[in-house]
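Just below is one structure, and these are the notes that go with it.
All figures in this text were calculated on a predicted structure; none of them were measured in a lab.
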Amino acid sequence: MSDFVVSARKYRPSTFASVVGQEALTTTLKNAILQNKLSHAYLFCGPRGVGKTSCARIFAKTINCQNRTPEGEACNECESCKAANEGRSMNIFELDAASNNSVDNIRQITEQVYVAPTDGRYRVYIIDEVHMLSSSAFNAFLKTLEEPPAHAIFILATTEKNKVLPTIISRCQVHDFNRITPEDIARHLAYVAESEHIEADPEALRMIAGTADGGMRDALSMFDQIAGFGNGIITKAGVRSNLNLLDEDEYFALLAYTLQGKHTKVLTLVDSLLGRGYEGDVIMRGFSNFLRTVLLSQSPETIDLVEAPDSTKKRLQKAGGYAKTSLLWEFLKISTAFGAQYKNNSEKRLALEVALLKMAEKNPESPLSIPLDEIVRTPQVEDPKPAPEPEPKPLTRPVQAPATAAPEPAPVAAPTPKTVTPRPIQTPKPEPTPGVSRAMTSMSFNVMTGKSGGQEDEEEETEEAPGERDVPFQIEDLKKAWQKYADGLDPKQKMLVKEQLFRFYPKETDDPYHFEVLADSDTVKRQIEEEYPRMKRFLSNELRNDLFQIDVKTVKRDQEVLPQSPSEKLSYLSHKNANLARISDELGLSALN
């Protein structure tokens with residue numbers, strides 16, 4: 001069996017002084033121990049791998065140490081410290097709330113909390129990932145957490161403080177852990193490499209520190225992986241190969257191609273990167289960070305924010321001199337928007353290529369960039385001479401020719417048709433859209449019509465306004481439009497009107513543009529006349545004619561007129577059936593209208 005222990009466990013801090021990147025917090029805890037001002041409950045919050053559980057164990061070991069140092073550190077030599085380091089201390093109880101989150105698990109703690117420690121002064125209960133406890137477990141824990149025995153101290157650790165109940169937080173002294181800086185991580189990795197006799201490139205260690213995202217545990221895990229890959233040697237090439245990182249030279253090339261607008265070079269480089277196994281989001285995420293560093297390197301005030309070796313900073317400053325700040329900002333907006341859309345996009349390669357080509361399009365000399373004047377350019381044609389206005393034609397209905405040719409009959413003297421000259425109606429022109437000038441609308445381009453804004457305005461000005469339309473039609477066209485309107489009525493609201501429109505259709509008169517509807521009762525006439533204003537607008541739009549009129553008249557017919565209203569129907573049926581008349585009198589239906 002191998003005696004190898006991963007670096008994350010082997011170099012886990014055992015004193016407050018060995019905790020990396022949390023000096024302010026460890027100083028607070030040491031002072032509390034020295035002054036004997038201990039709280040009964042602590043809440044350690046922060047991202048993963050920053051030392052929350054390690055500090056909880058160090059704190060639990062130190063308060064029970066029999067020979068504490070003057071600086072407030074544990075001696076690591078007494079029996080209590082040795083038991084704590086070996087994980088066999090009876091005064092330290094750890095619970096993983098991720099897998100023990102029920103009420104029964106918390107009840108075990110609340111029952112044991114009143115048992116006094118066998119040796120030492122305190123019993124410390126460390127609950128890791130406390131946010132995973134159920135609501136019932138939290139509620140069962142509230143009373144004990146608020147008023148525990150004097151010898152009991154609770155330390156709760158969580159990576160998601162927002163999921164912990166406010167009633168729990170209010171009962172604890174809260175300590176927030178910070179992300180460990182890349183400089184501190186790289187320094188600690190160099191110490192581990194020296195202790196393990198591993199040859200490591202300082203720039204490679206900084207690359208590991210930057211990829212760890214502030215977590216020491218992640219950095220040490222990557223350190224072991226890359227050291228194993230290089231057989232005890234850590235190089236920049238080994239880091240890129242194992243962590244799937246792109247070479248910075250490829251980022252410089254990608255920036256150069258996008259700035260120059262060379263879309264073919266961009267597509268070729270993307271194909272090469274994807275062929276080597278890099279994911280699209282990894283490429284764009286790395287390019288976004290690269291653009292940020294180039295933007296920061298443009299100013300002496302922000303160059304210190306760049307976490308890179310001096311040789312790389314010089315290259316970044318040189319690249320920043322070739323790029324405009326506004327252009328880099330546009331690139332950053334495109335790259336960050338790409339990250340939000342990439343995960344749900346089915347065409348991931350296409351999404352990556354489109355995002356990078358949008359950057360290349362920003363160069364005016366790129367073939368992808370088309371000037372606006374070329375998009376909306378229309379051929380210049382001399383205005384023809386205005387044609388004379390045609391004389392008004394008589395309003396006569398066109399006669400459709402028969403399907404087969406027939407011999408023409410002898411000419412018969414026909415009555416002279418009436419000529420109706422419509423009066424032009426002045427319609428107000430639409431108000432222009434606020435904030436949009438005439439010049440702006442003339443430069444627009446309508447994709448649906450394929451015309452520029454100026455052409456559409458001219459066509460809209462020459463369109464016939466309502467009240468001037470005079471398109472000939474026949475009685476069949478009017479009946480079809482009449483039936484179409486009736487079909488569109490809501491039967492729930494206008495059932496009676498719908499029925500009447502299907503029963504009575506317009507009829508011709510001597511006047512070519514005058515029609516009549518002959519209703520068989522005053523009730524029907526009233527229903528059609530109430531609907532006529534809305535129906536007239538619909539028919540005018542369908543026939544493109546505003547000059548016709550429809551009159552509704554009542555014609556008394558010899559045959560029996562059917563009842564229309566509910567009361568008329570009841571009276572009519574009562575005369576037909578005596579039993580119905582008797583039932584209606586007993587139920588009082590005759591009084592209903």
Side-chain angles (χ1 to χ4, degrees), residues 1 4-14 19 22 39-61 64 83-115 117 122-146 148-149 152-177 179-180 212-222 224-225:
M1 181 176 180
F4 174 76
V5 179
V6 296
S7 299
R9 293 179 56 192
K10 185 175 181 179
Y11 292 93
R12 191 165 196 160
S14 59
V19 177
Q22 309 295 342
S39 175
H40 66 279
Y42 295 88
L43 179 62
F44 290 171
C45 311
R48 68 182 188 277
V50 295
K52 297 184 298 297
T53 306
S54 297
C55 284
R57 293 176 179 176
I58 295 171
F59 183 81
K61 177 179 64 176
N64 284 320
N85 291 334
E86 295 172 3
R88 56 182 176 82
S89 176
M90 300 299 295
N91 294 331
I92 301 177
F93 181 84
E94 290 192 31
L95 176 69
D96 180 20
S99 55
N100 302 278
N101 54 9
S102 64
V103 178
D104 294 335
N105 301 124
I106 294 299
R107 186 177 292 116
Q108 292 178 5
I109 297 178
T110 58
E111 292 175 354
Q112 296 176 11
V113 75
Y114 294 99
V115 179
Y122 301 98
R123 295 196 72 178
V124 182
Y125 297 87
I126 301 174
I127 303 179
D128 202 6
E129 301 297 338
V130 69
H131 65 275
M132 299 293 289
L133 289 177
S134 62
S135 300
S136 302
F138 270 129
N139 294 329
F141 190 42
L142 284 175
K143 190 61 178 177
T144 304
L145 185 64
E146 183 176 10
I153 294 179
F154 293 97
I155 302 179
L156 315 179
T158 178
T159 55
E160 300 185 38
K161 179 182 175 181
N162 59 302
K163 293 185 178 180
V164 181
L165 293 181
T167 52
I168 296 291
I169 297 177
S170 64
R171 289 165 167 80
C172 301
Q173 188 178 107
V174 181
H175 293 274
D176 291 312
F177 285 68
R179 293 182 182 274
I180 306 175
D213 194 23
M216 182 62 73
R217 183 172 59 242
D218 294 349
L220 290 171
S221 299
M222 289 185 284
D224 290 342
Q225 175 184 347

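Residues L220 and V6 are not in side-chain contact: their nearest non-hydrogen atoms beyond the backbone lie 4.5 Å or more apart. The shortest distance between side-chain heavy atoms of C45 and V174 falls below 4.5 Å. Contact check for Q22 versus I180: side-chain heavy atoms found under the 4.5 Å cut-off. Two residues are said to be in side-chain contact when any heavy atoms from C-beta on lie closer than 4.5 Å; V115 and M90 fail this criterion. The closest side-chain heavy-atom distance from D218 to R48 is below 4.5 Å. Between I168 and L156, the closest side-chain pair of non-hydrogen atoms falls below 4.5 Å. Using a 4.5 Å heavy-atom threshold, the side chains of N139 and L165 count as touching.
Counting all heavy atoms, side chain and backbone alike, P47 lies closest to F177 at CD-O, 3.8 Å. The two residues A140 and T110 come nearest to each other via the heavy atoms O-CG2, 4.2 Å. L133 and N100 make their closest contact through CD2-O, 3.8 Å (heavy atoms, listed as atom of the first residue, atom of the second, distance). R217 approaches A8 most closely through the heavy-atom pair CG-CB, 4.1 Å. Taking each heavy atom of L43 and C172 in turn, the nearest pair found is CB-CB, 3.9 Å.
Among residues two or more places apart in sequence or in another chain, the ring pair (Phe, Tyr, Trp, His ring centres under 6.0 Å) test is passed with F141 by F154. In terms of the side chain to side chain donor-acceptor pair (under 3.5 Å) criterion, K161 has no residue partners (sequence neighbours excluded). Take Y42 and apply the ring pair (Phe, Tyr, Trp, His ring centres under 6.0 Å) test, not counting sequence neighbours, and it matches F59, H175.
Under the 3.5 Å distance criterion, the side-chain polar atoms of K61 are left unmatched by any main-chain donor or acceptor of I92. Panel note: side chain R179, backbone D213; a donor-acceptor pair is recorded below 3.5 Å. Under the 3.5 Å distance criterion, the side-chain polar atoms of N101 are left unmatched by any main-chain donor or acceptor of A137. Judged purely by atom type and a 3.5 angstrom limit, D224 has no side-chain atom pairing as donor or acceptor with the backbone of S221. Between the side chain of N64 and the main chain of Y122, a donor-acceptor pair closer than 3.5 Å is present.
Within a 6.0 Å sphere centred on CZ of R88, other residues, nucleotides and ligands contribute more than 12 heavy atoms.
In summary, of the residues considered (V103, L145, V130, T167), a side chain to side chain contact (heavy atoms under 4.5 Å, CB included) with F138 occurs for V130 alone.
Considering CG of L95 and CD1 of I109, their distance stands at 4.5 Å, rounded to 0.5 Å. Rounding to the nearest 0.5 angstrom, the gap separating the CZ atom in R12 from the CE atom in M216 is 13.0 Å. With rounding to the nearest 0.5 Å, the separation of CZ in R123 from OG in S89 is 9.0 Å. For the atom pair Y125 OH and I155 CD1, the distance stands at 12.5 Å (nearest 0.5 Å). To the nearest 0.5 Å, atoms OG1 (T158) and CZ (F44) are separated by 13.0 Å. Residue I58 holds its CD1 atom at 11.0 Å from OG1 of T53, rounded to the nearest 0.5 Å.
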Q: Mind running side-chain contact (heavy atoms from CB on, under 4.5 Å) on L142 and R171 for me, showing each step along the way?
A: CA-CA 8 Å; L142 284 175; R171 289 165 167 80; 3.9 Å; yes
